[in-house]
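Shown next, in structure tokens, is the structure this report addresses.
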Amino acid sequence: MRFLKRLVVALLVLLVLLAGILFTLHNMTPVNIDLIFFTLPEASLSLWLLGAFALGGVLGVLLSSVMLLSLKTRLYYLNKKMADTRQELNKLRTTGLKDPV
């Protein structure tokens with residue numbers, strides 16, 4: 001089963017690599033990217049597209065990591081608050097049993 005899984009992963013990697021090579025070969029036209037304030041140097045269209053794709057992926061991972069860290073921090077503090085509340089509740093329950101009115 002492990003061999004089959006590795007074989008499927010290897011075939012998928014080869015397929016993606018082949019698609020990338022074909023994409024690069026079909027998009028070799030040199031282009032200038034003109035941003036309003038400056039112009040990026042001339043490079044092939046495939047290079048600019050793959051670069052934009054990679055940059056978007058990296059930024060997506062970074063932003064989701066920040067969000068995940070924020071949620072984990074919030075969860076930690078809420079768990080701490082819940083533990084303190086449970087401890088106080090248990091203390092009030094035992095105090096009520098020890099001191100009859």
Side-chain angles (χ1 to χ4, degrees):
M1 189 67 173
R2 179 181 274 177
F3 174 73
L4 183 62
K5 184 178 179 181
R6 285 186 181 180
L7 181 64
V8 169
V9 169
L11 288 175
L12 285 175
V13 167
L14 287 174
L15 184 66
V16 168
L17 186 61
L18 179 65
I21 290 170
L22 289 174
F23 176 78
T24 301
L25 290 175
H26 286 8
N27 292 296
M28 293 296 291
T29 307
V31 294
N32 285 329
I33 305 293
D34 184 17
L35 303 173
I36 294 172
F37 299 109
F38 59 95
T39 302
L40 297 175
E42 187 173 294
S44 70
L45 178 62
S46 62
L47 180 67
W48 286 120
L49 290 173
L50 291 174
F53 181 73
L55 181 64
V58 169
L59 288 176
V61 167
L62 288 176
L63 290 175
S64 65
S65 296
V66 168
M67 187 65 150
L68 184 64
L69 182 62
S70 169
L71 289 173
K72 282 188 175 190
T73 303
R74 184 174 176 202
L75 180 64
Y76 171 77
Y77 285 115
L78 288 174
N79 282 334
K80 186 176 178 183
K81 184 177 180 180
M82 188 171 65
D84 291 344
T85 305
R86 281 187 181 163
Q87 186 179 16
E88 182 180 355
L89 180 62
N90 287 335
K91 184 179 177 183
L92 289 172
R93 284 180 181 161
T94 58
T95 302
L97 294 176
K98 291 179 183 176
D99 300 329
V101 177

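As the structure is a prediction and not an experimental result, all values here were calculated from the model.
Taking Gln87 as the reference, Asp84 meet the side chain to side chain contact (heavy atoms under 4.5 Å, CB included) condition, with sequence neighbours excluded. By the side chain to side chain contact (heavy atoms under 4.5 Å, CB included) test, Leu63 is found to be paired with no residue, residues two or more places apart in sequence or in another chain being considered. By the side-chain hydrogen bond (donor to acceptor under 3.5 Å, both in side chains) test, Ser64 is found to be paired with no residue, residues two or more places apart in sequence or in another chain being considered. Under the side chain to side chain contact (heavy atoms under 4.5 Å, CB included) criterion, Ile33 pairs with Val31, Leu35, Leu40, Trp48, sequence neighbours left out. Ser44 pairs by the side-chain hydrogen bond (donor to acceptor under 3.5 Å, both in side chains) definition with Ser46, not counting sequence neighbours. In this structure, Asn79 has no side-chain hydrogen bond (donor to acceptor under 3.5 Å, both in side chains) partners at least two apart in sequence or on a different chain.
The one candidate from Asn27, Leu50, Thr24 that meets the side chain to side chain contact (heavy atoms under 4.5 Å, CB included) condition with Leu45 is Asn27.
Atom-to-atom distance recorded for Leu15:CG and Leu11:CG is 8.5 Å, nearest 0.5 angstrom. Interatomic distance, CG of Leu7 versus CZ of Arg2, reported as 14.5 Å (0.5 Å rounding).
With contacts defined as side-chain heavy-atom distances shorter than 4.5 Å, the pair Met1/Lys5 does not qualify.
One hydrophobic cluster, built from ILVMFWY side chains closer than 4.5 Å, holds both Leu17 and Leu25.
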